Colleague: 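Please find one structure pasted underneath; my questions will follow.
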Amino acid sequence: MASYKSDLLNLLEERGYIHQITDASALDALAVQQVVPGYIGFDPTAPSLHVGSMVQIMLLRRLQQTGHKPIVLMGGGTGKVGDPSFKDEARKLMTVETINENIATIKTVFENFLTFGDGPTDAIMLDNAEWLDALEYLPFLRDYGQHFSVNRMLSFDSVKLRLEREQSLSFLEFNYMILQAYDFLELSRRAGCRLQMGGSDQWGNIVNGIELSRRVDGTEVFGVTTPLITTADGGKMGKTMAGAVWLNEAMLSHFDYWQFWRNTDDRDVGRFLRLFTDVPLDEIARLEALQGAEINEAKKILANEATALCRGRAAAEAAAETARVTFEEGAAGADLPTVHVESGSIGLVAALVQTGLAASNGEARRKIAEGALRIDDQQVRDEKHEVAVGDAPIKLSLGKKRHALLTR
């Protein structure tokens, strides 16, 4: 493990965030000398970010925890283009209204992780539409286009892989990396930003921004990327059978968010505690050494702490209590996903879809046929079954870990 002088790089190294750094010794020295403003960009492709963005959000939190200044950059401008990095096809273009609506709801999550304000280490939030929307095409080409080598851009993995698969890459998407490089230049001018951070798929875009800042303004800026976070079984972080694990409560209940972390593979517990919570490293070392059934206590701490950061301590405690009641007492906890059935009965397939236990009627039928469904802990295999809902809630269970309620 590398040894640094700055609290920033030491913390990032100890907790497992560092994949690549453009000039580690120079960034390390700068972080000792001054407050380093650093940014990460988030494109508003949905009304909420999901767990796949959590490493980047926590990076900004670590930046602030070590006395530096986080800049959250919303991609109101770049969101009109779409990042092609490691995508098999172009993103569907969104209307300006949709982009703005998504930004408004995404913003609320960051307030749980960062302290915003006017102080030297307070976080700020900017929108790149502020400068990108005002660009004129010919002046932009003349002033900045000369600094980009198409040969070099074609060599970056994010572009090269798409071309090697003979998948279309539009000129619109090809411009994305130029716009992101320009963002870094603008942020260095507007906010004294010296650092861009991102996932490993952003390396080429970050390097472009560093070189543009040096060529145009003579400013030395830096880049840090994080490793691709996969689960112990090789899966992509945050991808579940039920779909994306959303950060906003409106798109995923507190209980389901808590339960996602509770279901972490035994082998991932220590790593996820380092990345996604503020639990001290010595305590994490103790927790990840637990064996057998005791590792479940570590998973509960992971779920509690990760949920408290994103949803608040009260939400984490309520979700934990719901889990305790549901799994340890066999009753139905209050925070489970709930569907109100006004008519008094509902078809089993419809119940699975409406509660979110199945994504489609077809999936619901398959799960019922497989014997994966229980009603109040009794297995049911008849897809035509009508669930009668009286005064007492009905608990639906899919497998051992997913539950929902039907009420009147």
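None of these values were measured; they are calculated from a predicted model.
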Colleague: List for me each residue that meets salt bridge (Lys or Arg N to Asp or Glu O under 4.0 Å) alongside Arg62, sequence neighbours excluded, and say none if there are none.
Modeller: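 For Arg62, the residues satisfying salt bridge (Lys or Arg N to Asp or Glu O under 4.0 Å) (neighbours in sequence not counted) are Asp278.
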
Colleague: Who are the side-chain hydrogen bond (donor to acceptor under 3.5 Å, both in side chains) partners of Asp266, not counting sequence neighbours?
Modeller: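 For Asp266 the side-chain hydrogen bond (donor to acceptor under 3.5 Å, both in side chains) partners, ignoring immediate neighbours, are Lys299.
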
Colleague: Could Arg324 and Glu321 be called an ion pair, given the rule that one side-chain N must be under 4.0 Å from one carboxylate O?
Modeller: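 So Arg324 pairs with Glu321 through a salt bridge.
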
Colleague: Applying side-chain hydrogen bond (donor to acceptor under 3.5 Å, both in side chains), name anything that partners Asp265, two or more places apart in sequence or on another chain.
Modeller: Arg267

Colleague: Going from OG1 on Thr66 to CG on Leu11, what distance comes out if it is rounded to the nearest 0.5 angstrom?
Modeller: 6.0 Å

Colleague: Assess the side chains of Gln202 and Gln180: does a donor N or O sit below 3.5 Å from an acceptor N or O?
Modeller: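 A donor-acceptor contact under 3.5 Å links the two side chains.
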
Colleague: Hey, does the side chain of Thr98 reach the backbone of Met94 with a donor-acceptor pair shorter than 3.5 angstrom?
Modeller: no

Colleague: Applying ring pair (Phe, Tyr, Trp, His ring centres under 6.0 Å), can you list everything that pairs with Phe276, at least two apart in sequence or on another chain?
Modeller: Trp261, Phe272

Colleague: Is it true that a side-chain atom of Thr307 and a backbone atom of Asn304 form a donor plus acceptor pair closer than 3.5 Å?
Modeller: no

Colleague: Cation-pi check for Phe222 against Arg194: NZ or CZ below 6.0 Å from the six-membered ring centre and within 45 degrees of the axis, yes or no?
Modeller: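 No, Arg194 does not sit over the ring of Phe222.
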
Colleague: Walk me through whether Phe184 and Tyr39 qualify under ring pair (Phe, Tyr, Trp, His ring centres under 6.0 Å).
Modeller: CA-CA 9 Å; Phe184 204 173; Tyr39 94 95; 5.6 Å; yes

Colleague: Any side-chain heavy atom of Ile206 sitting closer than 4.5 Å to one from Ile210?
Modeller: yes

Colleague: With Arg274, which residues qualify under salt bridge (Lys or Arg N to Asp or Glu O under 4.0 Å), at least two apart?
Modeller: Glu288

Colleague: Is the side chain of Asn263 donor-acceptor paired with the backbone N or O of Gln259 at a distance under 3.5 Å, no angle test?
Modeller: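 Here the side-chain-to-backbone pair exists.
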
Colleague: Extract all donor-acceptor atom pairs below 3.5 Å that involve side chains of residues 117-127 and protein atoms in other chains or at least two apart in sequence.
Modeller:
unit_1	atom_1	unit_2	atom_2	d
Asp122	OD2	Asp118	N	3.3
Asp122	OD2	Gly119	N	2.8
Asp127	OD1	Gly76	N	2.9
Asp127	OD1	Ala129	N	2.9

Colleague: Taking atom types as modelled, is there a side-chain donor on Glu14 or Asn10 under 3.5 Å from an acceptor on the other?
Modeller: no

Colleague: I want to check something: taking the side chain as every heavy atom from C-beta on, are Ile57 and Leu60 in contact at a cut-off of under 4.5 Å?
Modeller: no

Colleague: Is it the case that the side chain of Arg215 and the backbone of His147 share a donor-acceptor pair, with hydrogens and angles ignored and the cut-off at 3.5 Å?
Modeller: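 Present.
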
Colleague: Are a donor atom and an acceptor atom from the side chains of His254 and Arg311 found within less than 3.5 Å of each other?
Modeller: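 Yes, side-chain donor-acceptor contact under 3.5 Å.
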
Colleague: Not counting sequence neighbours, list each pair that qualifies as a salt bridge (charged side-chain N to carboxylate O under 4.0 Å, His left out) and has a residue in residues 135-155.
Modeller: Arg152-Glu211

Colleague: With sequence neighbours excluded, tell me which residues meet side-chain hydrogen bond (donor to acceptor under 3.5 Å, both in side chains) with Asp7.
Modeller: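 For Asp7 there are no side-chain hydrogen bond (donor to acceptor under 3.5 Å, both in side chains) partners, ignoring immediate neighbours.
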
Colleague: Nearest 0.5 Å, please: how far is OG in Ser53 from CG in Leu59?
Modeller: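 Atom-to-atom, Leu59:CG and Ser53:OG are 11.5 Å apart.
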
Colleague: Does a donor on one side chain sit under 3.5 Å from an acceptor on the other, for Thr225 and His19?
Modeller: no

Colleague: Would you mind telling me which of Val279, Leu302, Val269 makes a side-chain contact (heavy atoms from CB on, under 4.5 Å) with Ile284?
Modeller: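 So the option named by the test is Val279.
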
Colleague: Are the side chain of Thr231 and the backbone of Gly235 linked by a donor-acceptor contact shorter than 3.5 Å?
Modeller: yes

Colleague: Before you tell me yes or no, could you show the steps for Asp28 and Ser6 under side-chain hydrogen bond (donor to acceptor under 3.5 Å, both in side chains), namely the whole-Å CA-CA distance, both residues' side-chain angles and the distance that decides it to 0.1 Å?
Modeller: CA-CA 6 Å; Asp28 192 34; Ser6 67; 2.6 Å; yes

Colleague: Distance-only, no hydrogens or angles: does the Gln291 side chain make a donor-acceptor pair with backbone N or O of Ala289 under 3.5 Å?
Modeller: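 Between the backbone of Ala289 and the side chain of Gln291 there is a qualifying donor-acceptor contact (under 3.5 Å).
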
Colleague: For the residue pair Ser25 and Asp23, confirm or rule out a side-chain donor-acceptor distance under 3.5 Å.
Modeller: yes

Colleague: Could you tell me whether the side chain of Asn208 reaches within less than 4.5 Å of the side chain of Ile178, counting heavy atoms only?
Modeller: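 No; the side chains remain at least 4.5 Å from each other.
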
Colleague: Restricting to ring pair (Phe, Tyr, Trp, His ring centres under 6.0 Å), what partner residues turn up for Tyr144, sequence neighbours left out?
Modeller: Phe140, Tyr182

Colleague: Scan residues 344-354 for pairs that pass salt bridge (charged side-chain N to carboxylate O under 4.0 Å, His left out), counting only residues two or more places apart or in two chains.
Modeller: none

Colleague: Does some side-chain heavy atom of Ile40 sit less than 4.5 Å from a side-chain heavy atom of Phe42?
Modeller: yes

Colleague: Could you pull out all residues at least two apart from Thr277 that satisfy side-chain hydrogen bond (donor to acceptor under 3.5 Å, both in side chains)?
Modeller: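 For Thr277 there are no side-chain hydrogen bond (donor to acceptor under 3.5 Å, both in side chains) partners, ignoring immediate neighbours.
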
Colleague: May I have all residue pairs that pass salt bridge (charged side-chain N to carboxylate O under 4.0 Å, His left out) and include part of residues 97-115, sequence neighbours excluded?
Modeller: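 Non-adjacent pairs meeting salt bridge (charged side-chain N to carboxylate O under 4.0 Å, His left out): zero.
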
Colleague: Hey, is Arg313 close enough to Glu305 for a salt bridge, meaning N to O under 4.0 Å?
Modeller: yes

Colleague: Verify the distance criterion only: is there a donor paired with an acceptor across the side chains of Thr105 and Asn248 at less than 3.5 Å?
Modeller: no

Colleague: When you check the side-chain N and O atoms of Asp43 and Thr45, is any donor under 3.5 Å from an acceptor?
Modeller: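 On atom types as modelled, these side chains do not qualify, holding no pair under 3.5 Å.
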
